[in-house]
Amino acid sequence: MVRILGIESSCDETSAAVCVEGRLLSNVVSAQVQHSGFGGVVPELASRLHQQHIVRVVQAALEQAGLRPADLDAVAFTRGPGLMGSLLVGTCFAKAFALGLGKPLIAVNHLQAHVLANFLHEAPPQFPFLCLTVSGGHTQLVLARGYRELELVGETKDDAAGEAFDKAAKLLGLGYPGGPLIDKAAQSGDANRFAFSAPRDASLEFSFSGLKTSLLYFLQAEMKKDAAFITKNLNDICASYQARIVTYLLEKLEQAAMQFGVRDLAIAGGVSANRELRSRFQQLCARRNWRAHVPAFEYCTDNAGMIALTGYYQFLAGEFCGHDVTPFSRDRFLED
Ligand code: KG4
Ligand code: ZN
């Protein structure tokens, strides 16, 4: 029985989970609500809050799993990408904990873990499968041929899908994170009311900066005519803008699935919690006769469950790291 402790601290969630033989026994997530008034995550604040919470979160994960630290076989942690100050807290904690216990250490790539979160549900994907990872920092198309054979086949050139939501929410005067707020407002809005433009090209690369700018110019023009335009039309703006993002994401996903001839498709990352994306993804797969895989809500946004599970696969593959390992903040899908 392989028992792995997973630790996640890449952004604004302090999380710890215990995975035994590929199944989660606990997944404790402490989300930092203190950033909401700032319109984004404040890195220094995030790092300090991780420091305050990490011991309690790890203790709770072990207690819920009914395990003692000595029962663990390895400690897995998020090495990157993410905020450096935040990553350092999880990395230092994991190193010290593993060293104290005399257990091996496993460095996990956060983006690979988002893809593998699809193995946390009952009917997991069959290889090869294609995953659309959409989070606050990333938009990626990943072709998975095995647990440790993940290939990046497309990604964004500028903003991530989550940023397209978060920046729009800021323009609309909503709070942070913007994705869930736009999702909620869009529920009672008309998605066909306003048109926003997204790039049209045949590549598997994404670009969201034009879409965000088209919203900005649209709002500026309408506000000149009526200063209360946003308040009066909030739900329709959110529904139309959200629908444009979802259409754009699914067009590329469909194109990639045809290109690689896969029959299993998955979505992952914080934006995969979006109701419109989840339902239209299911519809697309049903129409094409593809198998659709969608992680449970708690495994879409940042969580240590996916880190512990990826750690488990790395344990089986003998992929451990030394205590000289350092976190990386920038976008790297595969470690060197
Ligand atoms: O994966 P995640 O928790 O953190 C990163 O690794 O970035 O993703 C956070 C992102 C934020 O941009 C947030 O606005 C977005 O996921 N998000 C959503 C929804 N829930 C979270 N976007 C759209 N609809 C949602 N329901
Ligand atoms: Zn994430």
Side-chain angles (χ1 to χ4, degrees), residues 1-10 13-31 54 56-79 90 93-94 97-98 101 103-131 133 135 142 144-150 264-270 272-273 278 291-321:
M1 292 262 270
V2 179
R3 303 177 182 94
I4 309 283
L5 171 71
I7 295 171
E8 156 64 31
S9 72
S10 66
E13 274 95 9
T14 316
S15 181
V18 173
C19 166
V20 174
E21 285 294 310
R23 294 199 155 255
L24 288 190
L25 296 193
S26 63
N27 181 40
V28 178
V29 182
S30 169
I54 195 153
R56 175 181 61 80
V57 167
V58 170
Q59 257 170 357
L62 284 166
E63 269 167 31
Q64 282 181 26
L67 295 184
R68 292 163 303 155
D71 298 328
L72 296 169
D73 292 297
V75 179
F77 66 97
T78 303
R79 185 178 171 205
F93 183 92
F97 205 55
L101 293 169
K103 308 283 175 176
L105 197 58
I106 301 173
V108 172
N109 182 304
H110 183 87
L111 295 167
Q112 295 180 9
H114 268 304
V115 176
L116 295 177
N118 278 285
F119 288 89
L120 288 169
H121 65 79
E122 284 307 315
Q126 289 170 22
F127 297 112
F129 72 91
L130 190 68
C131 182
T133 308
S135 73
V142 177
R145 292 197 174 88
Y147 296 111
R148 306 300 303 139
E149 289 169 70
L150 306 175
D264 280 62
L265 271 72
I267 52 175
S272 67
R278 290 166 89 88
R291 282 179 293 268
H293 303 275
V294 182
F297 280 109
E298 66 264 39
Y299 304 127
C300 288
T301 46
D302 288 349
N303 68 90
M306 65 184 193
I307 305 300
L309 183 73
T310 307
Y312 168 68
Y313 296 131
Q314 290 186 222
F315 185 97
L316 297 182
E319 291 176 19
F320 301 104
C321 66

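Positions are given from 1 along the sequence. This structure is a prediction, so every number in the text was calculated from the model and none was measured.
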Checklist entry - Do the non-hydrogen side-chain atoms of S30 and R56 ever get within less than 4.5 Å of each other? => result yes

Checklist entry - Side chains of M1 and V20: closer than 4.5 Å at any heavy-atom pair? => result yes

Checklist entry - Can you name the nearest heavy-atom pair linking A16 to V57, along with the distance? => result N-CG1, 3.4 Å

Next on the checklist: Please determine whether side-chain contact (heavy atoms from CB on, under 4.5 Å) holds for the pair Q64 and V28, giving the CA-CA distance in whole Å, both sets of side-chain angles, and the decisive distance to 0.1 Å.
Outcome noted: CA-CA 9 Å; Q64 282 181 26; V28 178; 3.7 Å; yes

Checklist entry - What do the steps show when you test S9 against T78 for side-chain contact (heavy atoms from CB on, under 4.5 Å), and what is the final call? => result CA-CA 7 Å; S9 72; T78 303; 5.8 Å; no

Item to check | E21 side-chain N/O to R23 backbone N/O, donor-acceptor pair under 3.5 Å | outcome: no

Checklist outcome for this item: Test side chain to side chain contact (heavy atoms under 4.5 Å, CB included), reference L116, set Y312, Y299, Y313, output is Y313

Item to check | Check: S15 side chain, N303 main-chain N or O, donor-acceptor pair, under 3.5 Å | outcome: no

Checklist entry - Hey, does V294 have a side-chain heavy atom less than 4.5 Å from the side chain of S272? => result no

Item to check | Gap separating the SG atom of C19 from the CE atom of M306, nearest 0.5 angstrom | outcome: 13.5 Å

Checklist entry - For the atom pair CZ (F315) and CZ (R3), what is the distance rounded to the nearest 0.5 Å? => result 10.5 Å

Next on the checklist: Just so I know, are the side chains of L111 and L150 near enough to count as touching, which here means a heavy-atom distance under 4.5 Å?
Outcome noted: no

Checklist entry - Which atom names give the shortest non-hydrogen contact between A98 and P104, and what distance separates them? => result CB-O, 4.3 Å

Under 3.5 Å, sequence neighbours excluded: what are the donor-acceptor pairs made by side chains of residues 117-128?
from : atom 1 : to   : atom 2 : distance (Å)
N118 : ND2    : V115 : O      : 3.2
N118 : ND2    : I267 : O      : 3.3
H121 : NE2    : N118 : O      : 3.3

Next on the checklist: side-chain contact (heavy atoms from CB on, under 4.5 Å) for R148 and T310? Distances and angles first, verdict last.
Outcome noted: CA-CA 9 Å; R148 306 300 303 139; T310 307; 4.0 Å; yes

Next on the checklist: Using every non-hydrogen atom in the two residues, find where I106 and A74 come nearest and quote the distance to one decimal.
Outcome noted: CD1-CB, 3.8 Å

Item to check | Lys NZ or Arg CZ of R278 over F297 ring: under 6.0 Å, within 45° | outcome: yes

Next on the checklist: Quick one: does any side-chain atom of S26 pair with a main-chain N or O of A61 as donor and acceptor, under 3.5 Å?
Outcome noted: yes

Next on the checklist: Less than 4.5 Å apart, side chain to side chain, heavy atoms only: is that true for L5 and F97?
Outcome noted: yes

Item to check | Point-to-point distance, once rounded to the nearest 0.5 Å, from NE2 of H114 to CD1 of I307 | outcome: 7.5 Å

Item to check | E13 backbone acceptor or donor facing D302 side chain under 3.5 Å | outcome: no

Checklist outcome for this item: Between I4 and A308, the two heavy atoms sitting closest are CG2-O, 3.8 Å

Checklist entry - Considering all heavy atoms of both residues, which atom of I7 and which atom of G90 are nearest to each other, and what is their separation? => result CG2-CA, 4.1 Å

Checklist outcome for this item: Shortest non-hydrogen pair, N27 vs A304, comes out as OD1-N, 3.5 Å

Checklist outcome for this item: For D73, the side chain to side chain donor-acceptor pair (under 3.5 Å) test, sequence neighbours excluded, returns none

Next on the checklist: I need the Q59 CD to I54 CD1 distance, nearest 0.5 Å.
Outcome noted: 11.5 Å

